[in-house]
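Shown next, in structure tokens, is the structure this report addresses.
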Protein chains: 4
Amino acid sequence: MVSKPAPDATRRSEKSRRAIYAAALALVGEVGYPKTTVEAIAARAGVGKQTIYRWWSSKADVLLEAFLDLAEQAARAAGHAPDAIPDTGDLAADLKAVLRATVDELVDPRFEVPSRALAAEGVVNEQLGREFVAKLLEPQLQLYVARLRSAQDTGQVRADVDPRIALELFVSPLAQRWLQRTGPISYDYTDTLVDYALYGIAPR
Amino acid sequence: MVSKPAPDATRRSEKSRRAIYAAALALVGEVGYPKTTVEAIAARAGVGKQTIYRWWSSKADVLLEAFLDLAEQAARAAGHAPDAIPDTGDLAADLKAVLRATVDELVDPRFEVPSRALAAEGVVNEQLGREFVAKLLEPQLQLYVARLRSAQDTGQVRADVDPRIALELFVSPLAQRWLQRTGPISYDYTDTLVDYALYGIAPR
Amino acid sequence: MVSKPAPDATRRSEKSRRAIYAAALALVGEVGYPKTTVEAIAARAGVGKQTIYRWWSSKADVLLEAFLDLAEQAARAAGHAPDAIPDTGDLAADLKAVLRATVDELVDPRFEVPSRALAAEGVVNEQLGREFVAKLLEPQLQLYVARLRSAQDTGQVRADVDPRIALELFVSPLAQRWLQRTGPISYDYTDTLVDYALYGIAPR
Amino acid sequence: MVSKPAPDATRRSEKSRRAIYAAALALVGEVGYPKTTVEAIAARAGVGKQTIYRWWSSKADVLLEAFLDLAEQAARAAGHAPDAIPDTGDLAADLKAVLRATVDELVDPRFEVPSRALAAEGVVNEQLGREFVAKLLEPQLQLYVARLRSAQDTGQVRADVDPRIALELFVSPLAQRWLQRTGPISYDYTDTLVDYALYGIAPR
DNA sequence: CGTTAAGCGAGACGGTACGTCCTGTCTTCTA
DNA sequence: TAGAAGACAGGACGTACCGTCTCGCTTAACG
């Protein structure tokens with residue numbers, strides 16, 4: 001089987017790449033993911049369609065990279081230490097603070113529309129879903145893992161607890177409410193999640 | 001504003017409706033949601049396209065109703081008491097049992113493809129998403145609320161706990177792992193979730 | 001082979017028939033023949049579609065009968081002696097007078113649109129074309145045959161001339177200019193046709 | 001007013017154009033004009049529908065150009081001197097010969113179906129009708145004008161006769177009999193027309 | 001320093017599906 | 001039991017995009 005020769009990445013047009021990212025994010029924000037078409041991205045970016053198909057395999061792929069790029073830029077802008085979880089020694093307070101910041105971000109429309117679009121596509125498109133998780137979600141979750149490990153060292157979390165599972169007690173409920181709109185999102189809500197997760201719902 | 005005259009529902013063809021449901025579910029199972037087209041549903045159901053557009057507004061809408069119908073039939077077949085949560089007095093055991101059953105269901109391809117498709121569409125399409133939650137998800141969640149209330153009566157759960165939030169501690173993590181493939185799903189995993197949720201991750 | 005039982009014409013609704021004729025003529029006049037649909041005729045006439053399909057075989061058929069009815073009414077209104085050709089003894093004058101009247105009629109939009117539509121359909125649809133000719137065109141032409149026969153009796157036309165062919169010398173050019181727009185139509189033009197036809201174009 | 005940008009004609013696919021002409025003519029011949037659909041032409045030509053709509057505005061338009069192309073090819077095949085009218089000095093004989101050839105052509109089904117279809121469409125669709133006349137009919141008629149002018153020079157036709165009108169005396173009757181089926185077509189018939197037209201129907 | 005081979009903007013192409021419209025049949029309810 | 005109403009299977013319409021494919025044009029890197 002003959003595969004088409006891979007394009008020469010060294011000659012790739014940086015200008016086009018940036019224009020495509022910008023056009024893709026703008027269009028998804030304006031008309032939504034399903035109505036965003038490759039043709040429209042190309043037209044808006046002032047780019048031939050082939051230039052898109054040469055470097056990406058699909059609309060979802062373009063958007064994923066555009067979003068990764070956006071996240072990276074935002075991180076860089078925030079001073080190179082992106083979303084590290086504070087470690088004041090008070091686990092409950094630290095988690096509540098981070099979750100409140102996450103609530104704010106989830107509501108920011110600059111991020112909401114494209115990330116919702118990517119999440120939706122990832123639900124149905126396994127390959128993209130896995131990439132989305134690996135490149136965006138999991139790195140974030142690992143920050144919680146690190147913070148929980150630190151808490152285990154100070155005795156605030158039991159040593160036999162699996163941090164990768166434990167973090168889902170407060171992260172997943174928030175994620176589901178946002179993704180599936182199963183309920184409202186607020187500081188109170190995330191604070192409550194942290195309390196329940198730390199101390200359980202059974203009588204102490 | 002002029003709206004097209006609503007069709008007369010009393011004259012609707014029951015046979016066509018059933019054929020459309022069957023065709024839609026079959027196609028989504030076979031080729032996936034994005035490649036399922038209204039045209040193909042109509043052809044497979046032996047129905048004119050207009051008959052679909054007369055009663056539904058979109059492919060997603062057809063599939064939602066088809067899936068609701070499927071769930072209802074399944075419930076009826078299961079003897080009119082669909083997915084009630086057992087109440088043996090042992091909350092932890094009851095929850096673990098139900099979650100293990102849920103794990104089995106989530107892996108059953110008969111349900112997996114269409115519900116994944118609907119969930120994905122619901123993420124991006126608010127109107128459909130809300131209907132999906134209201135008609136399918138929330139009723140299920142209310143069963144947990146009821147079981148947790150009963151546990152509060154017997155003192156197995158603290159009285160000041162909000163059951164609607166509490167249930168998310170073990171339901172949402174499972175949901176997210178399934179939807180977004182953020183991790184593997186197993187009986188061990190759900191058992192662990194229940195333990196963590198009941199007793200917290202902090203030292204007791 | 002079983003044919004569907006012919007409907008009972010005695011119970012036919014006169015009111016519906018008239019309403020259908022009126023609606024068909026009005027629509028053809030307003031939106032043209034190709035955009036006139038059976039559905040629109042039925043809606044405009046306040047009639048079920050089946051009532052049209054019960055009594056006519058096609059849109060063309062409806063329009064043909066509607067037009068015949070219109071012509072008949074017009075004739076009746078004109079005093080029962082519709083379009084007889086005058087016989088003053090002066091053949092040239094008589095023909096010129098009739099052709100001038102025909103010119104006026106061809107330009108009257110009340111007749112123009114539907115008759116143009118019927119003529120067009122007749123070109124392509126042999127069955128309808130023959131009916132159109134037999135019921136509308138040929139009766140008119142026979143009036144010319146009669147007048148030319150009378151002229152043969154008075155010696156104004158040679159006895160060896162075939163009147164059915166002779167009339168085409170002045171009728172067909174006018175018909176073609178109107179139908180196919182191969183040239184302008186005027187009194188001068190028809191007068192000239194009569195002169196050429198009577199005396200030929202060769203030197204006398 | 002915004003108009004869609006005109007397509008770039010220099011990049012047009014010659015192969016597709018030819019295939020579309022062939023498919024259109026074949027289909028019209030096989031199933032008749034009304035049952036010929038753009039979809040079927042595209043399928044038969046192995047072409048996307050858009051390729052048809054990009055270059056033509058309607059089915060009628062396609063067929064008109066296909067027919068013009070056919071006529072042109074036929075003319076070229078016939079040795080570049082297509083349908084010139086002979087000039088032997090004997091006007092009557094020349095006209096009879098040409099009309100006999102026309103009779104043969106009108107009966108040839110290769111030409112009959114498409115030209116009948118075009119003529120019909122032209123009756124009802126003014127824009128197309130005018131183009132049909134200008135590009136196909138009138139050029140043919142001008143050949144008669146030329147021949148009649150030559151006859152005026154030799155004194156076989158009176159100098160005061162308008163040749164453009166005179167030719168209709170024998171051409172239009174034939175056209176009408178063919179188009180509207182108002183009568184049979186034969187060599188005898190066309191011979192008679194020429195005689196009547198030249199010498200008139202009045203006694204000499 | 002001209003050649004050459006890639007990437008590029010542009011957009012025509014063969015296709016697929018869209019959502020609308022109409023056909024001619026069939027069914028239900030009304031007068 | 002004819003007729004008004006309109007749902008139905010079917011199928012064409014004209015549009016929008018898909019992903020592929022040429023076109024010239026620009027722009028490096030190489031010979």
Side-chain angles (χ1 to χ4, degrees), chain A residues 4-5 7-13 15-16 19 35-43 45-55 57-59, chain B residues 4-5 7-13 15-16 19 35-43 45-55 57-59, chain C residues 4 7-13 15-16 19 35-43 45-55 57-59, chain D residues 4-5 7-13 15-16 19 34-43 45-55 57-59:
Chain A
K4 63 193 67 176
D8 178 350
T10 67
R11 309 194 48 179
R12 183 169 182 182
S13 161
K15 205 176 71 176
S16 293
K35 290 196 169 176
T36 297
T37 66
V38 172
E39 223 148 58
I41 295 173
V47 138
K49 280 202 288 177
Q50 199 56 248
T51 300
I52 295 186
Y53 285 112
R54 186 162 19 238
W55 302 109
S57 65
S58 65
K59 171 174 74 161
Chain B
K4 59 195 71 173
D8 180 348
T10 68
R11 305 189 46 187
R12 184 167 182 182
S13 161
K15 208 176 68 175
S16 293
K35 289 197 171 176
T36 296
T37 67
V38 173
E39 217 143 44
I41 296 174
V47 140
K49 276 204 287 179
Q50 200 56 50
T51 299
I52 295 184
Y53 285 112
R54 190 164 14 241
W55 302 110
S57 63
S58 65
K59 172 173 75 162
Chain C
K4 62 193 69 173
D8 179 349
T10 66
R11 307 195 48 179
R12 183 169 182 182
S13 160
K15 206 176 69 176
S16 293
K35 289 198 169 176
T36 297
T37 66
V38 173
E39 222 150 58
I41 295 174
V47 139
K49 278 202 290 178
Q50 198 56 249
T51 301
I52 295 185
Y53 285 112
R54 188 160 18 238
W55 302 108
S57 64
S58 66
K59 170 173 77 161
Chain D
K4 61 194 71 174
D8 179 348
T10 67
R11 304 189 46 187
R12 183 165 182 183
S13 161
K15 206 176 71 177
S16 293
K35 290 199 170 173
T36 296
T37 66
V38 173
E39 217 143 45
I41 295 174
V47 139
K49 277 204 286 178
Q50 201 57 48
T51 299
I52 296 186
Y53 285 112
R54 186 158 24 234
W55 303 109
S57 63
S58 65
K59 173 174 74 163

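Since this is a predicted model, take the numbers as computed values, not measurements. Throughout, a chain's letter reflects where its sequence line sits, starting with A, and its residues are numbered from 1.
- Distances from the side chain of E39(C) to the nucleotides dT15(F), dT23(E), dG19(E) place dT23(E) closest.
- In this structure, A45(D) and A19(D) approach most closely via the heavy-atom pair CB-O, 3.5 Å.
- In terms of heavy atoms, K59(A) sits closest to V38(A) at CB-CG2, 4.2 Å.
- Look at OH on Y53(A): it is 16 Å from P on dC8(E), rounded to the nearest Å.
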Show each protein N/O and nucleotides 1-7 of chain E N/O combination with a separation under 3.5 Å, one pair to a line.
from   : atom 1 : to     : atom 2 : distance (Å)
dA6(E) : N3     : R11(A) : NH2    : 3.2
dG7(E) : OP1    : D8(A)  : N      : 2.6

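- Distance, I41(D) CD1 to dG14(F) C1': 14 Å, rounded to whole Å.
- Atom pair K59(C):NZ and dT23(E):P shows a separation of 7 Å (rounding to whole Å applied).
- On a pure distance criterion of 3.5 Å, a polar donor-acceptor pair joins the side chain of Q50(B) and the base of dC21(E).
- Across T51(D) and S16(D), no two heavy atoms sit closer than the pair CG2-CB, 4.4 Å.
- Here the C1' atom of nucleotide dT15(F) and the CD1 atom of I52(D) are 14 Å apart, to the nearest Å.
- A9(D) and W55(D) make their closest contact through CA-CH2, 3.7 Å (heavy atoms, listed as atom of the first residue, atom of the second, distance).
- Annotation: the span from K35(C) atom NZ to T37(C) atom OG1 amounts to 11.5 Å, rounded to 0.5 Å.
- Side-chain N/O atoms of K49(A) and base N/O atoms of dG19(F) include a donor-acceptor pair closer than 3.5 Å.
- Here the P atom of nucleotide dT15(F) and the NZ atom of K35(A) are 18 Å apart, to the nearest Å.
- A close approach under 4.0 Å does not occur between any side-chain nitrogen or oxygen of S16(C) and OP1 or OP2 of dA2(F).
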